[in-house]
Amino acid sequence: MKRVALLAASVLIANATLAQANPPPAPQAALTAEQLAKVRAVLSKYKPDALTTDDAKALKRGLRDAGFQPGPALDAAIASSGFSIHRLDALDPRPAGSAPAR
């Protein structure tokens, strides 16, 4: 019985240590007006209803080059500009482990 209690305590300590070492990501704040303008500048080169695979790759590369990381705030900015995150991801899938489209 003592071994079970000791093992359970060890597991709890290990889980607490891992939680401290890997805290959940902080919620992403909404983009600023300046950031939204940058997103719109990148998107202005493309037509939402006529995207090709090459367009989707170039669009995502343009956003990365402008300093943006995938996440809910960027997804919202893209969607508010008339682009479908799901279509972008279908044409150029996100790498495994990155934030899924919402």
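Residue pairs meeting the side-chain hydrogen bond (donor to acceptor under 3.5 Å, both in side chains) criterion with at least one member in residues 52-62, sequence neighbours excluded: Thr52-Asp55, Lys60-Asp89.
Taking all atoms of both residues into account, the shortest heavy-atom contact from Gly82 to Pro48 is O-CB, 3.2 Å. What you find for Ala73 and Ala30 is that their closest heavy atoms are CB-CA, 4.2 Å.
Checking side-chain atoms of Arg87 against main-chain N and O of Asp49 turns up no donor-acceptor pair under 3.5 Å.
Every residue meeting the side chain to side chain contact (heavy atoms under 4.5 Å, CB included) condition with Ala77, not counting sequence neighbours, appears here in chain and number order: Leu31, Leu36, Val39. Annotation: side-chain hydrogen bond (donor to acceptor under 3.5 Å, both in side chains) contacts of Thr32 (sequence neighbours excluded): Gln35. With sequence neighbours excluded, no residue satisfies side chain to side chain contact (heavy atoms under 4.5 Å, CB included) with Ala90. Among residues two or more places apart in sequence or in another chain, the side chain to side chain contact (heavy atoms under 4.5 Å, CB included) test is passed with Ser81 by Arg40, Leu43, Phe83.
Interatomic distance, CG of Asp92 versus CG of Leu59, reported as 9.5 Å (0.5 Å rounding).
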